[in-house]
Amino acid sequence: MLTSRIDSSNPKRGVIVRISCKNFITYGEVEVCPGEHLNIIIGPNGSGKSTLVGAIILGLGGKPKLIGRSDDLSSYIKMGHKEATITIELHNPDGKNDVIRRKITKDGKECKTSWMLNGEKVSQKRVEEVVRRCNIQVENLCQFLPQERVQDFAKMNMKELLESTQRSIEGGKLADQLDALKALRKEQTDLQKSLLSLTQNKESEVQRNLNLEGEVRNAEEREKLVKQLLTMKQKQAFLRLKQKNDLVTGLKNRLQDRKKANEDIKKTQKQYENAIEGLKKELRNQDAAVQSLTNDTRKQLNELRSFIHNSSNITDKIEDKKIELENKLKTESKREEATRNLNLTISRLMNDLPESDETMRSEYDVLQRQIQERKNRATELQEEEENHNCLLRNKDYEIRGVEQEIARESNAANLKMEIMKQQHPKLYQGVLWLRENKHLFQDEVFEPMYTQITVQDGYAKYVEGCVPNRDLFAFTCKEATDTSLLIRELKTKQKLHGINVVTAPKSCLEGSARELFRPKVPLNEIKKYGLQTYLLDVINGPDPILHYLAKNMNLHNVPVGTEQTDRMMDKIPDSIALFFSAENRYSTRTSHYEPRKKITSSSVIGGAHLLKTNQNVSRLKDLQAQQQKLKADKDDLNKQKNQLLGQVNTLRAELNDLGEKKNNLKRQLDQARIARNQIEQSRRRLSELQRNKIDPDEAKRNFKEDVKKLIQDLVKVRKNIANVSKGVEHSATELRLQKMVLSSLKDSERSKKEELNDYRRSIQDALEEIRQLEESVAEEKENVKRLQREAIELCRGAAPNTPAFEPYAQAFGDLPDDLEELEASMYEKQARVEILSGANNDSLREYEKRKKTIKNLERDIAQVETRVNEVGASMSAKREVWYPAVTELVRTINTKFSQFFASFQCGGRVELYENEGLWQAGKTGQVREFTAFWNS
């Protein structure tokens, strides 16, 4: 371990005593013991100068983004290792130095950090407290400026420079003082604005009150008129009260007259009610007489209807007998005709019957046996065909199995997918998701590059030496919108972190990659150095992926050679920055300090992992031969199957012929059977017709005897009808006379009732009028009370004929006693009041209210002026403390800054100046590039 270079007897707290890194970026293991003040590290680009700065940032709890490189902590672990360690020792003047150790560990896709302080495991917050106590601010560019953030420092304005400078010294005490000054300045500005606003409001209120003085005079005149109107309203109330009392007296008189007239109407009503009762008694007697006659007449009519009904029944029976005779005669005629037709049908069917059925049945049986024999043969052939089909299916299954094995052996993509499933399960899930959801994208999206490209034998390791695994695992999109969609689906929704998605360059729309990306040095010019081909020419795959590899990895300018290239590497043209020999990788660059000098670095190439394919060539050949033999066997089986199909078709044709002959014989047998059945049915029908035969002469004799009896009954019934009709006519005439008397009595009763109803309505109208008059009297009495109450209230409780009313009686004496004349005078005065309405009570109230507002504004103005003076005094006091301190700080910085730049034969200065009450810092200077840090 190196010893500390801090020689000062009293170094400051937080001075870095030692920096130790293990497996950090480019370092395997390194330890640095810086001096107390300026430390300069010199070395070529890529030698690890900035790595030490990054170690200080990360070791003291800083975020990766402060370094300006990758935000992923795993990228700070040296390739081939799983953890990196940073140890920083800080000087502690109060005792033992503080030793901070940060260990960064890569666990699969995740990266973890653990902290130790003085050998004890602690949290990052505890480390940050120790660093803060030492006033170390790695995020403050005025205290800590990494090389990658120089451009951020250059962008800082003067205010930011001053603030950062103050915060980097004495724990930011000066910066806090400046913040307090800024807050006071803001408060002072706000108070001055408030004071100006209050003053303007006061002047406005004063001017508005001056404008209201004329309106106030008008208001006083209006107030006098209002008092006169009040006196008039008081007398108006008593005049209305007198008018209402007169109205109540008139209503009472009308009510008495109406009640007397109503009593007279009631007496007449009683007389009519007695007359109606007498008419009702006569109506009941007459109605009973009419009802008795009606019942007698109804009985006679019922007897008459019964005789008429019997007469009609006898007539109908005579007609029924006539129809019955006609139907019997017609039925007999039809029976005779049906008998003749049945005899003809039987004769015709007997002639159509064949001589014998036995011959046809014998032929039918022979055909049935022949058909069955051929069906049995067809079944045997079908079984043979099914056996051949089974053999063919087995052959197809064997062929598919061999083809699948050939595909597994020959398809490198399948092999890569199997490897992906085992070693990169999240990437495998992403590929499966893409295959199921390709319809979501605007254009084609390619699966991970290493599954889409193939490399000529022997060149896979060179391609993997140029293309990072992150790109080989990346999905490739032709459209930027598809890239965003795929990232959102896989990383955000599917939670498949660590997956990379890239976008093919727009050049893929202009032509093929090999046409657009030509090597800077033609191949025939470098073959003499053992270089045989460019990497882009040994890769086959989708053109968008080739475009991406050419544009981003420059593969069209990376040649691959042989062992001869190792011997002639110094002769390779300078324009070739990267090339390969058989086993080595060479990269060249120009020295930053000596542009004419070329620096070449080399490394041994590892084996291929992702792009290699494992194919068993002998196994593939055996499978292909087996495939050919199986296909030949399948062809032989197909030929045999076709021969069987020919025999089956021949049998089917014979079966069709025999079936047709069989069907013809069956139709003939069926026709003979049907004819015999029809003959049998016709004979049974003929026998039935013979049994139903009718004698026409006998039927006519029976008809005459039945009709004669019915006519004798009809004559008796018609005599009874004539006798009963005379009695009905006499009863009907008497009934009409009695109904006329009854109708006359009902008319008299109806007339009396109508007159009685008129009297009743008159009584109801009179009662309604009396009720309304009583309600009006009651209502007007209430109005009299209300008007009396209102009049007394207007006179402040003074009632007439009381001492308190005397002043009002005297005032009323000067006013008209006529209500209309009084109201006309009131209207005139009211009009004058309305003319003066501009100077109403609101104006008076507004005038008084504004006087109070002006007084409050004067008080507020005095308070704000007092606070403005207090803030000004406080600002002066704080500035007296802060300004000398910051001036001395800037002077000290300027002196050391100028001396430091002078040591590099350059000039520079730092100044402080005030701009409208705000202080800023500015710097100027020129300096050459160097890497350094100040340890204090």
Atom pair CE/CG of M568 and L531 - distance to nearest 0.5 Å: 9.5 Å
Derivation and outcome, side chain to side chain donor-acceptor pair (under 3.5 Å), residues T87 and R101: CA-CA 4 Å; T87 304; R101 175 170 295 171; 3.1 Å; yes
How long is the span from the CZ atom in F441 to the CG atom in L434, to the nearest 0.5 Å? 6.0 Å
With a 4.5 Å heavy-atom cut-off, do V538 and V560 have their side chains touching? no
N638 versus D635, side-chain donor and acceptor atoms under 3.5 Å: no
Quick one, I56 and I16 - any side-chain contact, counting heavy atoms below 4.5 Å? yes
In the structure I gave you, are the side-chain heavy atoms of E444 and E479 within less than 4.5 Å of one another anywhere? no
Closest heavy-atom pair and its distance - C477, V501: SG-CG1, 3.9 Å
Could you walk me through whether N552 and D471 pass the side chain to side chain contact (heavy atoms under 4.5 Å, CB included) test, one step at a time? CA-CA 10 Å; N552 293 279; D471 288 310; over 6 Å; no
Find out whether F473 and H424 are in side-chain contact, i.e. whether some heavy atom of one side chain is under 4.5 Å from a heavy atom of the other. yes
Hey, does the side chain of T492 reach the backbone of E489 with a donor-acceptor pair shorter than 3.5 angstrom? no
Nearest 0.5 Å, please: how far is CG in N23 from CD1 in I86? 11.5 Å
Determine whether the aromatic ring centres of F446 and F475 lie less than 6.0 Å apart. no
Go through H547 and L516 one step at a time and tell me if the side chain to side chain contact (heavy atoms under 4.5 Å, CB included) criterion holds. CA-CA 9 Å; H547 275 267; L516 293 177; 3.4 Å; yes
I need the E83 CD to S114 OG distance, nearest 0.5 Å. 8.0 Å
Residues L555 and C466: closest non-hydrogen pair is CD2-CB, 3.8 Å
Start with the C-alpha gap between K629 and E398, add the side-chain angles, then the distance that decides, and say whether salt bridge (charged side-chain N to carboxylate O under 4.0 Å, His left out) holds. CA-CA 11 Å; K629 183 178 182 304; E398 292 178 12; over 6 Å; no
With the side chain counted from C-beta on, respond yes when I539 and L546 share a heavy-atom pair under 4.5 Å apart, and no when they do not. yes
If I take atom CG from residue D633 and atom CG from residue L392, how far apart are they, to the nearest 0.5 angstrom? 10.5 Å
As a quick check of understanding, evaluate side chain to side chain contact (heavy atoms under 4.5 Å, CB included) for L535 and N557, giving each step before the final call. CA-CA 8 Å; L535 278 183; N557 287 315; over 6 Å; no
Sorted by chain and residue number, the ring pair (Phe, Tyr, Trp, His ring centres under 6.0 Å) partners of Y586 (sequence neighbours excluded) come out as F579
Donor-acceptor under 3.5 Å (D537 side chain, T533 main chain): no
Which atoms form the tightest heavy-atom contact between C21 and A55, and what is the distance? SG-CB, 3.5 Å
Would you say Y450 and N469 are linked by a side-chain donor-acceptor pair, where the criterion is simply a distance under 3.5 Å? no
Between the side chains of S581 and D566, does any donor sit under 3.5 Å from an acceptor? yes
Taking the side chain as everything from C-beta on, heavy atoms only, tell me whether I19 gets closer than 4.5 Å to E89. no
Criterion side chain to side chain contact (heavy atoms under 4.5 Å, CB included) on R18 and V99, from CA distance to verdict: CA-CA 9 Å; R18 176 171 57 90; V99 179; 4.2 Å; yes
By side chain to side chain contact (heavy atoms under 4.5 Å, CB included), V521 pairs with (sequence neighbours left out) E525, I526, Y534, S575, I576
Do side-chain atoms of T113 reach the backbone of I104 as a donor and acceptor pair under 3.5 angstrom? no
Heavy-atom nearest pair, K461 first then G607, reads CB-C, 4.2 Å
side-chain contact (heavy atoms from CB on, under 4.5 Å) partner of L73, chosen from K106, K112, R102: R102
Closest non-hydrogen contact found for M449 with L549 is SD-CD2, 4.0 Å
Give a yes or no on whether E386 atom CD has more than 12 heavy-atom contacts from other residues, nucleotides or ligands under 6.0 Å away. yes
Is the number of heavy atoms from other residues, nucleotides or ligands under 6.0 Å of Q382 CD greater than 12? yes
Please report the interatomic distance CD1(I57) to CD1(I88), rounded to the nearest 0.5 Å. 10.0 Å
Using a 4.5 Å cut-off on heavy atoms from C-beta on, say whether the side chain of I572 contacts that of T588. no
For the pair Y76 and F24, name the ring-plane relationship: parallel under 30°, tilted 30 to 60°, perpendicular over 60°. parallel
Are D482 and D443 close enough that some pair of their side-chain heavy atoms sits under 4.5 Å apart? yes
More than 12 non-hydrogen atoms from neighbouring residues, nucleotides or ligands closer than 6.0 Å to NZ on K103, yes or no? no
So, for G43 and K49, which heavy atoms are closest and what is the spacing to 0.1 Å? O-NZ, 3.0 Å
